[in-house]
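The basis for the numbers below is simple: all heavy atoms, side chains too, and nothing from hydrogens, waters or symmetry mates.
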Amino acid sequence: MPKQRYTLTSYEPIYAVCPEVRISEDVIRQQAINWLRYNVAKEGEEPKLTDQWVKNHTEDFKNVEELLIFIRYNMYKDNREVQELSDQDYVCRELAARLVEELPAELVEESIYAANMRLEDMISRSGKNMQDFCKEHGMTLDELYANTEERAIQSLKEDSALEAWADHAGYTLEPEDFYAIIPGENIQDKAEKRRQIELDGRLAQMEEYALKTKALKEIMENAMIKRKDDDKEWVRYGDVSQEVISAANQYPDNFISL
């Protein structure tokens, strides 16, 4: 059977509302206590999240709110990867809505079957059975499989839409494009792994993934986003990311880590 080729209704930038990933204030307060315990409190001393305790034991914070501002800032900064993944989900969902062709029934069936097998294996490895897992998550077995099927089909649509974008763009692949999908500590490490992959004759198998990754990068850089429906202006996602990187380079002392 010939490989299905996909097209999109439009190749213009994606517009998507990408909500900010919120961290529970309870989690932030617990992190504040942990920070006090490991960085301020003496051995055996239990920190207290009160204005008086914070003022007496720290040099930089006069009260709890000042400490929480510091903790909250660092947690959201460290949460950047989670936010980026969430943003990709919303943008790719909008992209998938532009897919013209219907997914082949055989491909959909195979994808759902594979997703169900991964789900059942994951639950089995956790030492639980399907019924216990469903009870724990407050759903029926039918609902669990229906959710898995929906996610599998959506993932397939998004993957096909990325393939359509890459095909339309007519990308050529450079070594740097493979570095984006090869894990490694640095460019030298990634380059060595790439050479080994090429020697093993496996590089061609990675080309499709590399092309889709390149498409996703371009799509995200040019996507127009808002954090809330009632925000007045759309902002180019690549500009937002660059502003954060520039600020980190210009004011490194403000980007300290916990």
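Under 3.5 Å, the side chains of Tyr237 and Asn222 contain no donor-acceptor pair of N or O atoms. Side-chain atoms of Gln30 and Asp26 include no donor-acceptor pair closer than 3.5 Å.
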(request) Quick one: do Glu158 and Gln154 satisfy side-chain hydrogen bond (donor to acceptor under 3.5 Å, both in side chains)? Show the steps, please. (result) CA-CA 6 Å; Glu158 293 173 4; Gln154 181 61 32; 2.9 Å; yes
(request) Verify side-chain hydrogen bond (donor to acceptor under 3.5 Å, both in side chains) between Glu143 and Asn147, making sure each step is shown before the conclusion. (result) CA-CA 6 Å; Glu143 290 172 336; Asn147 289 341; over 6 Å; no
(request) Show your reasoning for whether side-chain hydrogen bond (donor to acceptor under 3.5 Å, both in side chains) applies to Asp87 and Gln83. (result) CA-CA 6 Å; Asp87 294 340; Gln83 181 68 64; 2.9 Å; yes
(request) Run the numbers on Ile182 and Met206 for side chain to side chain contact (heavy atoms under 4.5 Å, CB included), then give the verdict. (result) CA-CA 10 Å; Ile182 297 174; Met206 302 174 65; 3.8 Å; yes
(request) Would you check, one step at a time, whether the test side chain to side chain contact (heavy atoms under 4.5 Å, CB included) holds for Tyr90 with Val17? (result) CA-CA 7 Å; Tyr90 283 98; Val17 177; over 6 Å; no
(request) Apply side chain to side chain contact (heavy atoms under 4.5 Å, CB included) to Trp53 and Val40, showing your working. (result) CA-CA 11 Å; Trp53 201 96; Val40 177; 4.2 Å; yes
(message) Run the salt bridge (Lys or Arg N to Asp or Glu O under 4.0 Å) test on Lys217 and Asp177 for me, step by step, so that the C-alpha distance in whole Å, both residues' side-chain angles and the decisive distance to 0.1 Å come before the verdict.
(response) CA-CA 10 Å; Lys217 180 180 179 182; Asp177 298 317; over 6 Å; no
(request) Show the numbers, then the answer: is there a side chain to side chain contact (heavy atoms under 4.5 Å, CB included) between Val235 and Asp231? (result) CA-CA 10 Å; Val235 181; Asp231 285 348; over 6 Å; no
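With a 4.5 Å cut-off on side-chain heavy atoms, Ser111 and Ile153 do not count as touching. Using a 4.5 Å heavy-atom threshold, the side chains of His57 and Pro47 count as separate. By the 4.5 Å heavy-atom criterion applied to side chains, Glu221 and Arg236 are counted as neighbours. Using a 4.5 Å heavy-atom threshold, the side chains of Cys134 and Thr140 count as separate. In this structure, Tyr6 and Leu103 have side chains that are in contact, with non-hydrogen atoms separated by less than 4.5 Å. Between Ile112 and Thr148 there is no side-chain heavy-atom pair separated by less than 4.5 Å. The shortest distance between side-chain heavy atoms of Lys228 and Pro19 does not fall below 4.5 Å. For the pair Arg29 and Leu68, the minimum side-chain heavy-atom distance is below 4.5 Å.
Contact check on Asp189 versus Lys193 returns a salt bridge, with a Lys/Arg side-chain nitrogen under 4.0 Å from an Asp/Glu carboxylate oxygen. A salt bridge links Glu208 with Lys212: the closest approach of a Lys/Arg side-chain nitrogen to an acidic carboxylate oxygen falls below 4.0 angstrom. Residues Arg125 and Asp121 are paired through a salt bridge, judged by an N-O separation under 4.0 Å between the basic side chain and the carboxylate. Taking the charged nitrogens against the carboxylate oxygens, Arg195 and Glu198 have no contact shorter than 4.0 Å, which rules out a salt bridge. The pair Glu218-Lys214 does not meet the salt-bridge criterion, since no charged nitrogen lies less than 4.0 angstrom from a carboxylate oxygen. One finds a salt bridge joining Glu20 and Arg22 here, because a Lys/Arg side-chain nitrogen approaches an Asp/Glu carboxylate oxygen to under 4.0 Å. Glu163 and Arg5 are not joined by a salt bridge, as no carboxylate oxygen comes within less than 4.0 angstrom of a charged side-chain nitrogen. Using a 4.0 Å cut-off between charged nitrogen and carboxylate oxygen, Glu46 and Arg37 count as a salt-bridge pair.
Members clustered with Leu144: Leu119, Met122, Ile123, Met130, Phe133, Met139, Leu141, Tyr145, by chain and number, using a 4.5 Å side-chain heavy-atom cutoff among hydrophobic residues.
Asn39 places a side-chain N or O within 3.5 Å of a backbone atom of Trp35 that can act as its donor or acceptor partner. Side-chain atoms of Ser86 do not come within 3.5 Å of backbone N or O of Val82 as any donor-acceptor pair. For the pair Ser160 (side chain) and Leu156 (backbone), a donor-acceptor distance under 3.5 Å is present. Arg227 places a side-chain N or O within donor-acceptor distance of the main-chain N or O of Cys18, the cut-off being under 3.5 Å. Judged by distance alone, with hydrogens and angles left aside, the side-chain atoms of Asn63 form a donor-acceptor pair with the main-chain N or O of Glu65 at under 3.5 Å.
Clustering ILVMFWY residues whenever any of their side-chain heavy atoms sit less than 4.5 angstrom apart, transitively, puts Tyr179 in a cluster other than the one holding Leu216. Cluster annotation: Tyr113 is not connected to Leu107 through the hydrophobic network of ILVMFWY side chains, with a link wherever side-chain heavy atoms come within less than 4.5 Å. Both Val27 and Leu67 belong to a single network of hydrophobic side chains, linked directly or stepwise wherever heavy atoms of I, L, V, M, F, W or Y lie under 4.5 Å apart. In this structure, Met224 is not a member of the same hydrophobic cluster as Leu8, with clusters built from ILVMFWY side-chain heavy atoms closer than 4.5 Å. Under a hydrophobic clustering in which Ile, Leu, Val, Met, Phe, Trp and Tyr are joined whenever their side-chain heavy atoms come within less than 4.5 Å, directly or via other members, Ile181 and Trp165 fall into the same cluster.
Here the SG-CD1 distance, from Cys92 to Ile219, works out to 6.5 Å after rounding to the nearest 0.5 Å. In this structure, CD1 on Ile33 lies 12.0 Å from OH on Tyr38, to the nearest 0.5 angstrom. Ile28 CD1 to Ile69 CD1: the interatomic distance, rounded to the nearest 0.5 Å, is 11.0 Å. Distance check, rounded to the nearest 0.5 Å: NZ of Lys190 to CD1 of Ile197 gives 10.0 Å. Considering CD of Gln88 and CD of Glu84, their distance stands at 7.0 Å, rounded to 0.5 Å. One distance of note links CG of Asp142 with CD of Glu149; it measures 11.0 Å at 0.5 Å rounding.
Not counting sequence neighbours, Glu66 has no partner by the side chain to side chain donor-acceptor pair (under 3.5 Å) test. Not counting sequence neighbours, the partners of Tyr15 by the ring pair (Phe, Tyr, Trp, His ring centres under 6.0 Å) test are Trp234.
Within 6.0 Å of CZ on Arg72 lie more than 12 heavy atoms contributed by other residues, nucleotides or ligands. When the shell of 6.0 Å around CG of Asp230 is examined, it contains more than 12 heavy atoms from other residues, nucleotides or ligands. Other residues, nucleotides and ligands contribute over 12 non-hydrogen atoms within 6.0 Å of the NZ atom of Lys226. The local environment of NZ in Lys157 is sparse, with at most 12 non-hydrogen atoms from other residues, nucleotides or ligands closer than 6.0 Å.
Here the closest heavy-atom approach between residue Val64 and residue Thr50 is recorded as CG2-C, 3.3 Å.
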